[in-house]
Amino acid sequence: MNLLISLTFLTLTELIGLPWMFFIYSVMSLASLGFTILFVPETKGRSLEEISEELAKKSHVYRWTTRKKTLLQMEPVHCTNNQVGTTE
């Protein structure tokens with residue numbers, strides 16, 4: 001990213017202006033953040049073997065979307081008399 005910014009900053013600043021350059025770089029940063037959240041697995045507290053096994057499995061996006069579908073399919077819990085967590 002630093003190389004890309006270094007090569008394009010002065011030329012594009014002259015063409016489209018400084019505010020638009022910062023907007024484009026902000027969009028690129030948000031896209032990088034989205035990629036990291038979707039495709040890079042959490043490795044905190046894991047051994048190298050556990051990380052290798054995780055990377056050898058199916059896509060992380062598949063796991064993320066499966067978890068999201070599971071959460072969407074959960075039944076709501078109905079509360080009465082201000083008692084949280086009880087079902088009727």
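- In this structure, Thr43 and Glu54 have side chains that are not in contact, with every pair of non-hydrogen atoms separated by 4.5 Å or more.
- Ile5 and Val27 fall within the same hydrophobic cluster, defined by Ile, Leu, Val, Met, Phe, Trp and Tyr side-chain heavy atoms under 4.5 Å apart, directly or through other members.
- Separation of atoms CE (Met21) and CD (Glu14) is listed at 11.5 Å; rounding is to 0.5 Å.
- Side-chain heavy atoms closer than 4.5 Å link hydrophobic residues (I, L, V, M, F, W, Y) into clusters, and following such links, even through other members, never connects Met28 to Leu30.
- No side-chain heavy atom of Leu12 sits under 4.5 Å from any side-chain heavy atom of Ile24.
- Residues Pro41 and Ile51 are not in side-chain contact: their nearest non-hydrogen atoms beyond the backbone lie 4.5 Å or more apart.
- A continuous path of hydrophobic side-chain contacts links Leu10 to Phe22 [ILVMFWY only; heavy atoms under 4.5 Å].
- The cluster map of Ile, Leu, Val, Met, Phe, Trp and Tyr, joined by side-chain heavy atoms under 4.5 Å apart, puts Leu3 and Phe9 in different clusters.
- Side-chain atoms of Glu50 and Ser47, non-hydrogen and from C-beta on, do get closer than 4.5 Å to each other.
- In this structure, the side chains of Leu18 and Phe23 stay at 4.5 Å or more apart for every pair of heavy atoms.
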